[in-house]
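Encoded as structure tokens, the structure appears first; notes follow it.
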Amino acid sequence: MAVERNDFIRDIIDEDLRTRRHTTVVTRFPPEPNGYLHIGHAKAICVDFGIARDYQGRCNLRYDDTNPVKEDVEYVHSIEADVRWLGFSPAAVLFSADYFPKMYELAERLVTEGKAYVCDLTDEQIREYRGTLSEPGRESPFRTRSVDENLDLLRRMQAGEFPDGARVLRAKIDMASANMKMRDPLLYRIRHAHHHRSGDRWKIYPMYDYAHPLEDGIEGITHSICTLEFENNRELYDWVLDNTGPWKPRPHQYEMARLVLDYTVMSKRKLLTLVQDKHVIGWDDPRMPTIAGMRRRGYSPEAIRAFCDMIGVAKANSSIDIGKLEYCLRDDLNHTAPRVLGVLHPIEVELVGWPGFEDDGRSETIDAPYFPPDVGKPGSRPLLISGRIFIDREDWSDKPPEDYQRLAPGRTVRLRYGYCITATEVVERDAAGNATKLRATVHRETLGGKKPADGKKVSGVIHWVDAATSLPVEIRLYDRLFKVPKPEEGGGDFIEHIDPASFQVVTGARVEKSLADAAVGSRWQLERVGYFAVDQDSQPGALVLNRIVTLRDARVEKVVEKKVETEPAERKVNAKAQTRPKGKSPAEFRAEARARDPELAAAHARLGALPGITADHADLLAADRETAALTEAVVVRVPAELAAKWIINELPRALDDKPIGDVDPEQLTQLLGAVADGSLTASAAKGILGELVRSGKAFAELRTVSAQTVDLVPAVEAVIAANPEKAAQFKAGKTGLLGFFVGQVMKAAPGADAAAVNQALRDRLV
RNA sequence: UCGGGGAUCGUCUAAUGGUAGGACAGGAGCCUUUGGAGCUUCGAAUCAAGGUUCGAAUCCUUGUCCCCGAACCA
């Protein structure tokens with residue numbers, strides 16, 4: 001069941017299903033219960049659970065709790081709640097700790113088979129023996145212990161006979177491996193610690209690299225998806241599985257890029273710092289990228305899931321524009337958040353001409369829909385208005401700019417859902433000179449969108465609330481926590497980049513009466529202001545609203561992204577380049593192979609002497625014995641230049657990771673011979689070459705067409721006739737379409753001479 | 001190449017030798033009782049240089065840049 005939107009992992013799954021390597025898909029989301037989940041985890045959750053959903057498979061929630069000193073039940077509960085809140089139901093909720101007996105049993109098996117040993121080196125010694133990135137390590141003196149002694153020691157480790165750190169169990173792999181992870185990695189360490197789930201039963205605890213593959217194997221995971229930094233661990237993942245199996249299904253690990261978001265930090269350590277040092281009010285501070293924080297802020301699970309779908313799954317490190325998240329939020333909230341009116345910074349307005357205004361006015365009720373027509377959702381609430389209202393100070397200007405669409409002296413605007421009013425005078429000002437009370441005449445004839453009596457169109461619309469019945473409310477304005485897109489870069493402490501204005505409390509704000517009983521967590525749009533959610537701090541009669549996100553604002557004078565003084569980018573010094581000399585290039589590698597191997601050197605000389613063979617050709621053809629042998633066999637009956645080009649440029653794609661030794665020189669000779677004598681076109685030959693390598697069939701069997709048998713004129717005509725509009729575009733100058741036409745003709749007439757097709761198309765398309 | 005990965009519009013991501021496409025962001029316009037939403041439209045990319053090919057983001061070569069790896073963390 002191929003899914004509509006594919007990424008590289010789903011491509012792999014499609015292939016696994018097609019080849020019957022797997023018949024069902026089982027994934028897992030494996031958080032360590034040592035902190036709160038954040039938006040980065042949300043991506044992983046959406047990938048892991050999303051794949052299971054798309055392929056009608058299963059996804060487990062599994063706590064990767066192999067380190068008792070870092071983990072806590074508190075986190076276990078928050079994690080499952082967050083996963084479910086996001087909208088996913090685990091097929092099972094599992095704990096690595098429950099597999100400790102099985103893991104231990106397999107550890108004894110590894111010891112028994114001589115594949116693991118107990119090592120008494122201290123941690124510093126182990127580090128020292130491990131070598132460096134560019135130098136091999138040394139074998140531990142304990143590596144040669146007998147199976148019996150290892151078994152005895154391992155059992156005593158688990159029996160609690162040794163203190164923490166005294167001994168470890170290590171896999172016996174290869175201390176000279178270029179992959180540091182394979183240099184006799186630790187499997188178990190001693191920890192006399194209480195585990196939140198297994199209690200005090202275990203004195204030794206498995207390491208991630210040992211535990212994770214086994215957990216996957218035990219649960220029957222088919223596709224184990226993790227992040228890029230585990231690429232180096234995959235070799236060990238495979239080693240563990242291959243030496244403890246057989247496992248059916250045999251899990252495989254795939255790595256994707258982790259989520260990096262602008263204007264925030266994601267590491268657990270930094271998040272913890274923010275909490276502990278009180279830069280935020282807690283894990284659920286609405287500015288935090290934690291699921292808890294986003295939930296409290298008012299983000300909907302739907303929006304977060306849409307965001308995760310939007311950013312895709314790939315292997316390139318990337319940093320996502322926070323604007324994408326905001327887009328997803330607005331896109332969701334636009335369709336789900338009912339509209340209500342609220343005023344952040346009220347200015348009182350007396351409505352002159354309101355009936356009974358002198359004795360504080362009579363009130364009227366307007367029926368106001370919860371959603372605009374384009375959203376098309378039902379529902380409305382009564383909106384009260386009387387002779388005194390509040391409008392937002394943002395909507396008043398003593399000296400308005402040219403394109404101002406709000407209220408100003410003598411100007412007319414419409415009160416949303418209500419009447420048009422014309423400002424007549426400023427009644428009061430505060431000490432700073434800002435208007436605090438206005439007077440305006442109300443145009444009684446304008447209810448229901450009607451124009452004022454003077455017939456002038458009123459384009460400005462502002463929000464308002466009734467002075468008498470509106471509710472006081474505390475509004476909490478949240479913004480991006482950091483002032484800069486990449487707070488972790490630039491050398492300094494990321495804390496310095498916190499934007500103190502990212503949290504502001506607005507007191508004295510007022511909202512319409514209908515919000516009196518709004519439920520905690522409910523989301524609303526305050527028209528023209530933004531989206532808000534009712535915070536858990538709300539009390540009856542004392543509403544608290546969190547701003548989720550502002551409305552998109554096409555008005556704002558472009559805030560010119562203040563160039564973050566790019567101090568001549570103290571280019572991050574390339575540690576690798578400093579610590580060691582530049583390594584060998586492939587060319588040098590080939591030259592060395594020849595220096596070591598006189599046979600190969602001789603072949604190199606012979607190939608270089610062939611007519612039409614350049615030094616570069618010879619270098620590549622004599623890279624290894626297999627390639628050299630194949631070439632020398634083929635050039636006996638095929639022109640050397642042709643053979644060289646095909647072997648260098650065309651064979652690799654056909655091979656697709658298969659060893660070149662698999663290629664039968666005789667078949668390749670026949671194929672290239674046909675190309676050389678013109679009886680087979682190059683494009684046909686490429687297709688046959690691929691098939692030849694893939695199937696191992698004989699050239700004679702695969703050859704179904706020859707250059708002579710193909711009559712391309714009808715094919716060309718047919719393709720042009722079938723695509724009149726594309727032909728017209730081509731004639732109009734879109735020459736890129738030639739490739740499209742050639743492709744179509746080649747499909748219709750396999751084996752045709754592409755150059756001739758190309759020419760024929762050009763002739764007919766001009 | 002110590003080893004493992006990666007590089008496509010400003011950002012994210014497709015195209016698996018055959019029209020470099022989509023989304024976000026941006027510009028212009030339309031519409032509008034939200035300066036919202038929607039609609040129309042424009043600009044914008046294959047890391048570089050060579051090579052193979054009728055045709056290259058894709059295959060080959062040589063470079064450049066970025067990320068990860070030397071916890072008894074995961």
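The structure displayed is predicted, hence computed values, not measured ones. Per chain, numbering begins at 1; letters A, B, ... match sequence-line order.
- Interface remark: the A:Asn317 side chain does not form any donor-acceptor pair with the B:G5 base, using a distance-only criterion of under 3.5 Å.
- Listed pair A:Tyr327 / B:C24 meets the phosphate criterion, a side-chain N or O lying under 4.0 Å from OP1 or OP2.
- When heavy atoms are screened at a 4.0 angstrom cut-off, A:Pro372 is found touching base atoms of the nucleic acid.
- The residue A:Gly449 sits close to a base: some heavy atom pair falls under 4.0 Å.
- Between the base of B:U53 and the side chain of A:Lys645 there is no donor-acceptor pair shorter than 3.5 Å.
- Judged by atom type and distance alone, A:Arg339 reaches the base of B:U34 through a side-chain donor-acceptor pair under 3.5 Å.
- Of the side-chain N and O atoms in A:Arg130, none sit less than 4.0 angstrom from OP1 or OP2 of B:C2.
- Using Watson-Crick or G-U wobble geometry with both donor-acceptor distances under 3.5 Å, B:C39 finds its partner in B:G29.
- For B:C47 and B:U8, the C1' atoms lie 10 Å apart once the distance is rounded to whole Å.
- Side-chain contact, A:Gln253 with A:Glu255: a donor N or O sits under 3.5 Å from an acceptor N or O.
- Between the CG atom of A:Asn758 and the C1' atom of B:G55 there is a distance of 7 Å, given to the nearest Å.
- The residue A:Asp11 sits close to a base: some heavy atom pair falls under 4.0 Å.
- In this structure, A:Phe29 and A:His41 have perpendicular ring planes: the angle between them is above 60°, well past the 30° mark.
- A:Leu551 comes within 4.0 angstrom of a base, heavy atoms only.
- A perpendicular orientation is assigned to the rings of A:Phe730 and A:Phe741, their planes being inclined by more than 60° (bins at 30° and 60°).
- The closest side-chain donor-acceptor pair between A:Arg339 and A:His463, if any, does not fall under 3.5 angstrom.
- With both pairing distances under 3.5 Å, B:C2 is matched to B:G69 as a Watson-Crick or G-U wobble pair.
- Contacts of A:Asn67 with the nucleic acid, taken as non-hydrogen atoms under 4.0 Å apart, involve only primed sugar atoms and P, OP1 or OP2.
- The phosphate of B:C60 has neither OP1 nor OP2 within less than 4.0 Å of any side-chain N or O from A:Arg653.
- Backbone-only engagement by A:Ser319 is indicated by non-hydrogen atom pairs under 4.0 Å involving sugar-phosphate atoms exclusively.
- Dashed line: the shortest gap from a side-chain N or O of A:Thr735 to OP1 or OP2 of B:U19 is not under 4.0 Å.
- A:Gln525 comes within 4.0 angstrom of a base, heavy atoms only.
- Counting non-hydrogen atoms under 4.0 angstrom, A:Leu121 reaches a base of the nucleic acid.
- Surrounding CZ of A:Arg258 are at most 12 heavy atoms belonging to other residues, nucleotides or ligands under 6.0 Å away.
- Base engagement by A:Tyr404 is indicated by at least one non-hydrogen atom pair under 4.0 Å involving a base atom.
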